[in-house]
Amino acid sequence: FDALVQTVVPAIKEEFNTVIRYLRSPRYPYDIDQRLAARGRALFESHQTGCSGCHGVYDGAGNVTWPGTHVDVGTDAARIAVVSDGFIDTFNQSPLAVEGALEKSEGYAATPLTGVWANFPYLHNGSVPTLHHLLGPVSERPKIFQVMAARKLDRVRVGQPLHALASYSSRGEAELIRRFGNDRDWFSAARRGSGNGGHDVWRNIRTDDNRRALIEYLKTL
């Protein structure tokens, strides 16, 4: 505890402040339809979608006014369940409490989206491979995808391809789950803590045209 309080925590705080103040995410390396992105920004900041209310407002230069919202949007609750009453009591009785008491959140933080185009897979547990799937109907999110396929960028759906080899694409999802559901080289939403539900924004986005506009805007962050 002495080492944590005297050395580790101060180092983490200094590095975190450096990241927030100076580090900027890489620019999207391909062409962006600026007219479509402008429409996407209007949607992002509108009451219709409510995106900016949780994820912040962006100035186009890598800076964000972030509200720091913590809400339950129905995503997999395994991580937050770890923070039990006993865990909180133990933390608050430890020397680490000098940095502040620990309280159980109502949900996960709605993080800033700077560089989100490169920050796939999505949600706090990495259960959704692309922005296209994240912003679409929850029922259409892939139940299984290949982890190492994340070495490449899916420029159409923005995120990672579902499969590293084209031969897997012709196989049905049920077959892939049967063959690779327990293979750690594949992400399966059926595993504990890996659920891909929640964050259902399709009811606000409503159309594929709106989804495409939002994705185009997210490329600019």
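The first residue of the sequence shown is numbered 1, and numbering continues consecutively from there.
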request  = Before giving the answer on side-chain contact (heavy atoms from CB on, under 4.5 Å), spell out for Gln48 and Arg206 the whole-Å C-alpha distance, their side-chain angles and the decisive distance to 0.1 Å.
outcome  = CA-CA 10 Å; Gln48 174 184 328; Arg206 304 174 186 171; 4.2 Å; yes
key: Inter- and intrachain pairs under ring pair (Phe, Tyr, Trp, His ring centres under 6.0 Å), touching residues 177-198, at least two apart   = Phe145-Phe187, Tyr168-Phe180, Tyr168-Trp186, Phe180-Trp186
Distance-only side-chain donor-acceptor flag, Arg39 / Asn210, under 3.5 Å = yes
query = If only atom types and distance count, is the side chain of Asn92 paired as donor or acceptor with the main-chain N or O of Leu102 below 3.5 Å?
reply = yes
message = Checking the side chain of Glu140 only, and the main-chain atoms of His133 only, is there a donor and an acceptor separated by less than 3.5 Å?
response = no
query = Counting only N and O atoms by type, is there a donor-acceptor contact under 3.5 Å from the side chain of Thr90 to the main-chain atoms of Gly86?
reply = yes
note = Cys54 and Trp66 have their tightest heavy-atom pair at O-NE1, 3.8 Å
ask   = Does any N or O in the side chain of Gln160 come within less than 3.5 Å of the main-chain N or O of Phe120, such that one atom is a donor and the other an acceptor?
value = no
query = Between Asn125 (side chain) and Gly195 (backbone), is there a donor-acceptor pair under 3.5 Å?
reply = yes
request  = Grab the two heavy atoms, one from Ala164 and one from Ala149, that are nearest each other, plus how far apart they are.
outcome  = N-CB, 3.6 Å
Distance under 6.0 Å and angle within 45° of ring axis: Arg155 vs Tyr30 = yes
message = Has Tyr108 got a side-chain atom pairing as donor or acceptor with Leu123's backbone, closer than 3.5 angstrom?
response = no
key: For the student: nearest non-hydrogen atoms of Glu216 and Asp31, plus distance   = OE2-O, 4.3 Å
message = So which atom in Asp154 and which in Val156 form the shortest heavy-atom distance, rounded to 0.1 Å?
response = OD1-N, 3.0 Å
key: Arg141 side chain to Ala189 backbone, donor-acceptor under 3.5 Å   = no
key: Cluster check Leu153, Ile215: I/L/V/M/F/W/Y, side chain < 4.5 angstrom   = yes
key: Any donor-acceptor pair under 3.5 Å from His124 side chain to Asp76 backbone   = yes
task = Please confirm whether the backbone N or O of Leu131 pairs with a side-chain atom of Tyr122, one donor and one acceptor, at under 3.5 Å?
result = no
task = Before giving the answer on side-chain hydrogen bond (donor to acceptor under 3.5 Å, both in side chains), spell out for Asp209 and Thr207 the whole-Å C-alpha distance, their side-chain angles and the decisive distance to 0.1 Å.
result = CA-CA 5 Å; Asp209 285 343; Thr207 70; 5.4 Å; no
request  = If a pair satisfies salt bridge (charged side-chain N to carboxylate O under 4.0 Å, His left out) and one of its residues is in residues 7-20, list it, with sequence neighbours excluded.
outcome  = Lys13-Glu99
ask   = Between the side chain of His163 and the main-chain N/O of Pro161, is any donor-acceptor distance below 3.5 Å?
value = no
